[in-house]
Amino acid sequence: MSGLVTGDAVVLGLQPARLPSRALAVLIDLVVVWAAYLLITLGLAVATASLDEAAVAAVSVASFLLILVGAPIAVETLSHGRSLGKLACGLRVVRDDGGPIRFRHALVRGAMGVVEILMTFGVVACIASLVSERGRRLGDVFAGTLVVRERIPTARVLAVPPPPPWLVGRFAGLDLSAVPEALWLEIRQYLTRARELDPAVGRRLAERLADELVARTGAPPPPGVPAEAYLAGVVAERQARDARRAFAPPSGAGAVGGAGAVGGVGALGGSWGMPVAGVGPPAAASPAPPTSPSSPASSVAPPGGPPPASATGFAPPA
């Protein structure tokens with residue numbers, strides 16, 4: 001990987017393309033360009049058969065410059081550094097800072113490509129790529145560009161084997177805050193490759209990793225537990241904690257929401273003297289004495305006063 005620093009002080013990890021992949025991409029581009037050049041030359045030869053020698057020579061030079069020089073420049077400019085050969089090989093031309101190239105970069109690369117690829121049959125380009133630390137030819141050096149790999153094969157991620165069932169949950173109270181990430185990575189790599197190691201070598205490596213883990217946690221493994229099973233159980237406990245931390249609801253969200261809902265509704269109910277379902281039973285109301293229809297104190301509340309108990313079914317708040 002090549003560490004490129006952008007103008008924003010960001011380090012880009014790019015993998016420069018080496019000579020074999022670049023040579024294959026150039027070969028594909030040359031086959032396509034020369035096939036198009038020969039077809040167009042034959043058509044121009046038939047079309048310019050009636051012209052004199054000077055006109056035929058001018059047409060030949062123009063077709064050479066336009067097809068063998070101008071076409072690759074136009075393709076790299078329009079495709080942002082991905083010609084047909086580079087697209088087939090998973091390569092791309094970028095600037096030194098990792099950005100896409102422009103017309104001036106493609107122009108310099110194309111002009112230098114005539115000298116180091118077409119006129120010298122690629123000898124100069126091969127020597128420059130072998131000498132350069134990042135595999136750049138002269139056109140890349142003068143243009144300030146770099147050919148990088150776009151398709152990088154990803155490593156196959158191996159799953160950590162689960163611990164024995166009788167060890168699940170045995171390390172729930174273990175303090176894992178002092179274990180560094182480098183040790184976790186080493187333990188994980190050992191567990192995923194333990195079956196491929198020699199039994200004696202794997203046992204010694206497991207014991208060493210278990211001793212380092214015990215020194216970080218301060219708690220020895222249970223008696224009779226092998227080192228490999230101990231490591232698998234601790235790693236499973238850490239993965240379970242990470243999963244609970246990732247999928248747990250935000251702290252305080254339920255309490256704040258519940259308090260707000262209950263408090264708001266309760267305050268509303270208290271201000272209006274109405275019962276709220278689920279908050280609590282209403283205050284016990286004493287039964288009102290029976291009144292006759294002609295009684296002046298009927299179920300009509302006095303002006304500006306609270307409603308009577310017989311109208312709402314509850315005693316007015318004090």
A.B. asks: Kindly write out the residues that satisfy salt bridge (Lys or Arg N to Asp or Glu O under 4.0 Å) with Glu181, not counting sequence neighbours, or none if the list is empty.
C.D. replies: Arg238
A.B. asks: Kindly compute the distance separating CZ (Arg92) from OG (Ser79), expressed to the nearest 0.5 Å.
C.D. replies: 8.5 Å
A.B. asks: Are Arg22 and Cys89 close enough that some pair of their side-chain heavy atoms sits under 4.5 Å apart?
C.D. replies: no
A.B. asks: Using the rule that Ile, Leu, Val, Met, Phe, Trp and Tyr join whenever any side-chain heavy atoms are under 4.5 Å apart, tell me whether Val214 and Leu209 fall into a single cluster.
C.D. replies: yes
A.B. asks: State which residue, out of Val147, Val141, Val131, fulfils the side-chain contact (heavy atoms from CB on, under 4.5 Å) condition with Arg136.
C.D. replies: Val141
A.B. asks: If the condition is side chain to side chain donor-acceptor pair (under 3.5 Å), which residues does Asp198 pass it with, not counting sequence neighbours?
C.D. replies: none
A.B. asks: Working note: Arg188 + Val235, criterion side chain to side chain contact (heavy atoms under 4.5 Å, CB included); need CA distance, chi angles, decisive distance, verdict.
C.D. replies: CA-CA 8 Å; Arg188 181 185 178 89; Val235 169; 5.6 Å; no
A.B. asks: Between Asp140 and Thr145, does any side-chain donor sit less than 3.5 Å from a side-chain acceptor?
C.D. replies: yes
A.B. asks: Counting N and O atoms only, with roles assigned by atom type, does the side chain of Arg134 sit under 3.5 Å from a partner on the main chain of Val148, one being a donor and the other an acceptor?
C.D. replies: no
A.B. asks: Should Lys86 and Glu150 count as an ion pair when the cut-off is N to O under 4.0 Å?
C.D. replies: no
A.B. asks: Could you state the interatomic distance from CG (Leu183) to CD1 (Ile187), rounded to the nearest 0.5 Å?
C.D. replies: 4.0 Å
A.B. asks: Salt bridge check, Glu237 against Arg241: does any charged N sit closer than 4.0 Å to a carboxylate O?
C.D. replies: yes
A.B. asks: For a quick test of your reading: what N or O donor-acceptor pairs under 3.5 Å do the side chains of residues 118-129 make, sequence neighbours left out?
C.D. replies:
from: Thr120; atom 1: OG1; to: Val115; atom 2: O; distance (Å): 3.2
from: Thr120; atom 1: OG1; to: Glu116; atom 2: O; distance (Å): 3.1
from: Ser129; atom 1: OG; to: Ala125; atom 2: O; distance (Å): 2.9

A.B. asks: Kindly indicate whether the side chain of Asp29, heavy atoms from C-beta on, has any atom under 4.5 Å from the side chain of Leu84.
C.D. replies: yes
A.B. asks: Could you tabulate the donor-acceptor pairs under 3.5 Å formed by side-chain atoms of residues 37-58, not counting sequence neighbours?
C.D. replies:
from: Thr41; atom 1: OG1; to: Tyr37; atom 2: O; distance (Å): 2.6
from: Thr48; atom 1: OG1; to: Leu44; atom 2: O; distance (Å): 2.5
from: Asp52; atom 1: OD1; to: Ala55; atom 2: N; distance (Å): 3.1

A.B. asks: Membership question, hydrophobic clusters at under 4.5 Å side-chain separation (ILVMFWY): are Leu91 and Leu30 in the same one?
C.D. replies: no
A.B. asks: Is there any salt bridge (Lys or Arg N to Asp or Glu O under 4.0 Å) pair reaching into residues 217-228, and which pairs are they, with sequence neighbours excluded?
C.D. replies: Arg195-Glu228
A.B. asks: First locate atom CD1 of Ile101, then atom NE2 of His80, and finally report the distance between them rounded to the nearest 0.5 Å.
C.D. replies: 9.0 Å
A.B. asks: Yes or no on side chain to side chain contact (heavy atoms under 4.5 Å, CB included) for Tyr230 and Leu213, after CA distance, side-chain angles and deciding distance?
C.D. replies: CA-CA 10 Å; Tyr230 170 67; Leu213 191 59; 3.9 Å; yes
A.B. asks: By the ring pair (Phe, Tyr, Trp, His ring centres under 6.0 Å) test, which pairs, at least two apart or in different chains, include something from residues 181-207?
C.D. replies: none
A.B. asks: Just so I know, are the side chains of Leu68 and Trp34 near enough to count as touching, which here means a heavy-atom distance under 4.5 Å?
C.D. replies: yes
A.B. asks: Working to the nearest 0.5 Å, report the span between CG of Leu107 and CZ of Arg102.
C.D. replies: 14.5 Å
A.B. asks: Would you call Asp211 and Arg208 a salt bridge, taking side-chain N to carboxylate O under 4.0 Å as the test?
C.D. replies: no
